[in-house]
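Have a look at this one.
For this chain, numbers begin at 1 and follow the sequence in order. As the structure is a prediction and not an experimental result, all values here were calculated from the model.
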Amino acid sequence: MPSGEARMVSELPDIDDRLVVPETRYEMIDGELVFVSPADHSHGERHARLAILLGLYIGPGFNLAVDMLTRTSLIDDFAPDVSVYPSAPDPETGHRQLPQLAFEIVSTQPLRAAARKAAKLAARGVRRVFAVHVLRSRVLEWSTTHAGWTRLDPADVIDDPAFVAPLPIKALIRNVPPDDAVARALLTKRNPVIERERRRDRIEGKIEGKVEGQIEGAIRSLLAVLATRGIALDHAMCARIRREQDLQRLDRWIVRAVTAATITDVLGDD
């Protein structure tokens, strides 16, 4: 590495060295103090939804943060809308590690403003930077090769080592219910509540299957007794027996069928 590049890297500040006061509405971009306006409803809703989805999809060993300041250079200190970063401290500094993924919500501000931040995040070492464009219902990923955004196919997924499962891009787009994406993440993570419900369903299914088998066996036994004794059955009576689901009633009919003279005697008043 040329000495100039080595000096530039060595002069990079720690990602938690602040140029702006945390918990205020200011960021530093290109050495300029910028006021960050509160979110409108479109931005705010998508921001919350994105945080929920990513929180479900991140795997063990990763943390999620919203509006977390990250120092990208000597003259930049700003906060991506959502960041995904390793939960373990940096082995060299002992401080927080650099985010691996960063997401920006684009609503009323121009896309070029998000591109400005994306380029700086990528230059600092953030592996992947995404933009969710609210008004145009699209998701884009920053390309360092082309120094610009690449639009992602809504039918595709974001597959990344930080996720427990591929994240469907359509779940990030407006008016697309995220329920399936949420369920997939919870199943992959073996969520304890879902696992408990699945175990209960399996137990109940076995019980139900056992009862169903007993009912089917009782129906076959009843029909066999009736046939052996030569008791005639019309279509209606046969259908009534076959749709019966009360095991105790079927048992009573079998007992009666042993001595009954007609099918009416068997079914009686039941």
Side-chain angles (χ1 to χ4, degrees), residues 1 5-6 8-23 27-29 36 46-105 114-132 139-145 149-150 152 156-169 171-172 178 181-182 184-192:
M1 179 184 293
E5 292 183 19
M8 185 181 297
V9 173
S10 65
E11 290 177 353
L12 281 175
D14 188 90
I15 58 174
D16 284 326
D17 283 347
R18 300 276 70 86
L19 286 176
V20 297
V21 179
E23 309 302 327
E27 296 179 332
M28 187 71 75
I29 302 178
V36 181
R46 190 53 50 84
H47 198 162
R49 184 172 174 180
L50 175 62
I52 292 171
L53 277 173
L54 293 180
L56 290 167
Y57 270 78
I58 58 172
F62 289 92
N63 284 342
L64 181 80
V66 172
D67 294 332
M68 181 175 64
L69 286 165
T70 296
R71 188 81 179 274
T72 59
S73 74
L74 293 173
I75 57 175
D76 295 294
D77 191 14
F78 58 85
D81 285 327
V82 184
S83 302
V84 176
Y85 63 100
S87 53
D90 188 299
E92 294 184 2
T93 67
H95 301 160
R96 170 174 66 95
Q97 291 195 52
L98 184 72
Q100 295 196 11
L101 309 178
F103 290 78
E104 286 289 325
I105 307 296
R116 190 179 176 190
K117 291 184 176 181
K120 293 177 179 295
L121 289 165
R124 179 70 204 242
V126 177
R127 283 196 300 104
R128 305 179 73 178
V129 184
F130 300 90
V132 179
V139 178
L140 310 119
E141 182 171 3
W142 182 256
S143 169
T144 53
T145 303
W149 294 110
T150 299
L152 303 181
D156 206 347
V157 297
I158 297 175
D159 197 354
D160 192 271
F163 294 154
V164 295
L167 174 62
I169 292 171
L172 305 176
V182 171
R184 188 178 297 109
L186 291 173
L187 287 170
T188 304
K189 283 187 169 183
R190 302 182 70 85
N191 176 270

Is there a side-chain contact between Pro168 and Tyr57 (heavy atoms, below 4.5 Å)?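 Result yes, sub-4.5 Å side-chain heavy-atom pair found.
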List, one per line, each side-chain donor-acceptor pair under 3.5 Å for residues 84-93, sequence neighbours excluded.
{"from": "Ser87", "atom 1": "OG", "to": "Gly61", "atom 2": "O", "distance (Å)": "3.1"}
{"from": "Asp90", "atom 1": "OD1", "to": "Glu92", "atom 2": "N", "distance (Å)": "2.7"}
{"from": "Asp90", "atom 1": "OD1", "to": "Thr93", "atom 2": "N", "distance (Å)": "3.3"}
{"from": "Thr93", "atom 1": "OG1", "to": "His95", "atom 2": "N", "distance (Å)": "3.1"}

Least distance between heavy atoms, Met68 atom then Ser83 atom: CE-CB, 4.1 Å
Minimum-distance pair of heavy atoms, taken over all atoms of Leu53 and Ala171: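 Result for this residue pair: CD1-O, 3.3 Å.
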Rounded distance (nearest 0.5 Å) linking atom CD1 of Ile105 with atom NE2 of His47: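 Ile105 atom CD1 to His47 atom NE2 measures 6.5 Å (nearest 0.5 Å).
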Assess the residue pair Leu121 and Phe78 against the criterion (side chain to side chain contact (heavy atoms under 4.5 Å, CB included)); give the C-alpha distance rounded to whole Å, side-chain angles, the decisive distance to 0.1 Å, and a yes or no. CA-CA 10 Å; Leu121 289 165; Phe78 58 85; 3.8 Å; yes
Minimum heavy-atom distance between Pro60 and Val164, given as atom pair plus value: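 Residues Pro60 and Val164, closest heavy atoms: CD-CG1, 4.1 Å.
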Hey, mind stepping through Lys117 and Val129 against side chain to side chain contact (heavy atoms under 4.5 Å, CB included) and telling me if it holds? CA-CA 9 Å; Lys117 291 184 176 181; Val129 184; over 6 Å; no
Arg46 (side chain) donor-acceptor with Leu172 (main chain) under 3.5 angstrom: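 Yes, because the side chain of Arg46 sits within donor-acceptor range (under 3.5 Å) of the backbone of Leu172.
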Of all heavy-atom pairs linking Pro13 and Leu74, the shortest is CD-CD2, 3.9 Å
Rounded to the nearest 0.5 Å, what separation is found between the CD atom of Gln97 and the CD1 atom of Ile15? 8.0 Å
Measure the spacing between CG of Leu101 and CZ of Phe163 and express it to the nearest 0.5 Å.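 One finds 5.0 Å between CG of Leu101 and CZ of Phe163.
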Residues in side chain to side chain donor-acceptor pair (under 3.5 Å) with Thr150, at least two apart? none
Identify the heavy atoms of Ala119 and Trp142 that sit nearest to each other, and give their distance. CB-CZ2, 3.7 Å
For Asp17, salt bridge (Lys or Arg N to Asp or Glu O under 4.0 Å) partners two or more places apart: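 With sequence neighbours excluded, Asp17 shows a salt bridge (Lys or Arg N to Asp or Glu O under 4.0 Å) to no residue whatsoever.
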Sequence-distant partners of Asp77, salt bridge (Lys or Arg N to Asp or Glu O under 4.0 Å), two or more places apart: Arg18
Interatomic distance, Glu104 atom CD to Trp149 atom CH2 [nearest 0.5 angstrom]: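 Glu104 atom CD to Trp149 atom CH2 measures 7.5 Å (nearest 0.5 Å).
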Out of Val66, Val82, Ile158, which one pairs with Leu54 under the side chain to side chain contact (heavy atoms under 4.5 Å, CB included) rule?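 With Leu54 as partner, side chain to side chain contact (heavy atoms under 4.5 Å, CB included) holds for just one option, Val82.
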CG-CD1 distance between Leu140 and Ile169, expressed to the nearest 0.5 angstrom: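 Answer rounded to 0.5 Å: 10.0 Å.
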Applying side-chain hydrogen bond (donor to acceptor under 3.5 Å, both in side chains), which residue pairs with at least one partner in residues 62-75 are found, sequence neighbours left out? Ser73-Asp76
Please identify each residue that fulfils side chain to side chain donor-acceptor pair (under 3.5 Å) with Arg127, with sequence neighbours left out.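 Side chain to side chain donor-acceptor pair (under 3.5 Å) check on Arg127 returns Gln100, Asp160.
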